[in-house]
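Both ligands and their constituent atoms are indexed starting at 1 by order of listing. Since the structure is predicted, the reported quantities are computational estimates derived from the model, not experimental observations. One is the number of the first residue; the rest follow in order along the sequence.
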Amino acid sequence: MNVLSVASEAFPLIKTGGLADVAGALPIALEEHDITMRTLIPGYPAVMGKLPDAAEVAGFPGLVLGKEVRLLAAEHAGASWLVLDSPSLFDRPGGPYAGPDGRDFPDNWLRFAVFAKTAALIAEGLADGWKPEVVHAHDWQAGLVPVYLGAGNAAGTPSVLTVHNIAFQGQFGADIFAALELPWSDFTVDGVEYYGDVSFLKGGLQRASAITTVSPTYAREITTPDFGMGLDGLINARADRLFGFVNGIDTSVWNPQTDPDIASPFYARTMHKRPANRKAVRERFGLDEGDAPIIAVISRLTWQKGMDVLAEAAEGIAAMGAQLAILGSGDASLEYALSSAAERNPGMIGMVRGFDEPLSHLIQAGADAILIPSRFEPCGLTQLYGLRYGTVPIVARTGGLADTIIDANEAALSAGVATGFQFSSVTVDGLHDVIRRVMRVWQDEAVWGRMQRQAMKADVSWTRPSMQYASLYRMLVNEKQ
Ligand code: ADP
């Protein structure tokens, strides 16, 4: 089966977040399900630079929504890419969505409308006759794909829209509608119209044959006003077409046996080698030697991640005898609050500011637990790395965190199936309560060791999710027949 994936970022070509990891890993994982996935990606400078041999696809229209384009094809890193080369839209400094000053590009609506329309033209077979049986669009940047599919000659090609975070919706003024070259009948409540504006995500959610998000719990949560960010009504109306598939991780990159960034490689049977990593973490974070567990935090420092609550709770956690190792960057006020807590508690709270990929690996290998107090979390990757490295996750019971960690309640502990700790209230008291529970289990070395080994047994690979996506594509194709 041929499937076209439409993603505004994909690892290893360009990455700003989790979407890139999913879009990069899925095509490779789908191969064993006899699915040939090609990925359409914009020709940002980073992408063009990594694909110097990309060749033009003959016969593709040179003009899309009035913009000059070329469609290029290339093979790279085990995957097959289609690149939308349109220098006036994509060849500029900055990131995929914003300039060097951090501000969103003012023509993002046009950049990603041309992108979505290109996907629909590919679905018509205009890329050298290659024709996908399903089109899989990701996030608002590809939100118009299902809308263009319905409006064009590819009508009938089933589409999947995956929501990686419903907080990002791609909403623009109504004045852009005419330039989208869609029929006026699409500027309605059944199309892209959203409170008088145009919403790319809303249009896609309305028209996609199926909607997926990155965990079953987040799929349920976005049907509620607390999490739906205004789109809960629509998501509810489409609940029969909504699926939640948890993300996998790249288990070859995140492998404690071969990880080049850690001090002492180990696996489940050689856990005696792990403490050398703990020692290295203590050195990096200026933490005292001793029996205290190291609880790590690796995070964007934002309200979503509960970092304001952590800043308030940090000293109380240290007072309970746990050490904190915090790696993060983000809101300046949160950076300040956390580093002040570290300065006041030398030896017990350590903080490194910044984004440091190799250090994040060392922390996962050396810390005893990883704390993720998010207010909402569509899937979350940090807890999955924690499972893989035997770093016991302590997570808020929300979204993908709730779906991937088995709480160490009495039943789970006695059955030997617990892999971490869940807590429900992202407040100072909630955090202190769960750390108290953690400290009790920590005292019993045998129980803690069993939990670590159980965590390391969890399947965090793409095996299961790729099967789920493959079944969904097959269901959509069968429905059509
Ligand atoms: P989100 O995408 O919402 O930030 P995820 O848990 O899905 O949250 O993914 C975050 C990723 O970024 C993880 O791979 C995590 O290890 C990494 N990360 C976050 N902050 C840092 C940091 N300061 N340094 C290194 N890696 C980080």
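In this structure, Ser374 falls outside the shell of residues with a heavy atom less than 4.0 angstrom from ligand 1. The shortest separation from a heavy atom of Gly17 to ligand 1 is not under 4.0 Å, leaving the residue out of contact. At least one heavy atom of Lys305 sits less than 4.0 Å from an atom of ligand 1.
Contact annotation for Asp356 and ligand 1: only backbone heavy atoms (N, CA, C, O) come within less than 4.0 Å of the ligand. Neither the backbone nor the side chain of Cys379 has a heavy atom within less than 4.0 Å of ligand 1.
In terms of N/O distances under 3.5 Å, ligand 1 is not approached by Ile298. Between Arg300 and ligand 1, at least one pair of N/O atoms sits closer than 3.5 Å. Among the atoms of Glu357, none of the N or O lies under 3.5 angstrom from an N or O of ligand 1.
In this structure, atom 25 (C) of ligand 1 has a protein heavy-atom contact shorter than 4.0 Å.
For atom 11 (C) of ligand 1, the closest non-hydrogen atom of the protein is Leu381 CD1, 4.7 Å. Nearest to atom 23 (N) of ligand 1 among the protein's heavy atoms is Gly354 O, 2.8 Å.
To the nearest 0.5 Å, atoms CZ (Arg238) and OG1 (Thr223) are separated by 14.5 Å.
Residues Phe423 and Asp433 are not in side-chain contact: their nearest non-hydrogen atoms beyond the backbone lie 4.5 Å or more apart.
A cation-pi contact, defined as under 6.0 Å to the ring centre and within 45° of the axis, links Arg92 to Phe105.
Ring to ring, Phe245 and Tyr469 are close: their centroids are under 6.0 angstrom apart. The aromatic ring centres of Trp140 and Phe172 sit less than 6.0 Å apart. Between His272 and Phe266, the distance from one ring center to the other does not fall under 6.0 angstrom.
The existence of a salt bridge linking Asp288 and Arg282 is excluded, since no basic side-chain nitrogen approaches an acidic carboxylate oxygen closer than 4.0 Å.
Sorted by first and then second residue, the salt bridge (Lys or Arg N to Asp or Glu O under 4.0 Å) pairs with a member in residues 333-344 read Glu315-Arg344, Glu335-Arg353; sequence neighbours excluded. The list of salt bridge (Lys or Arg N to Asp or Glu O under 4.0 Å) pairs with a residue in residues 369-386, not counting sequence neighbours, reads Lys305-Glu377, Asp308-Arg375.
Using a 4.0 Å cut-off to heavy atoms of Gly380, the atoms of ligand 1 that qualify are 6 (O), 7 (O). Proximity to Thr382 (heavy-atom distance under 4.0 Å) selects the following atoms of ligand 1: 6 (O). Near Tyr385, the atoms of ligand 1 lying under 4.0 angstrom from a non-hydrogen atom of the residue are 13 (C), 14 (O), 16 (O).
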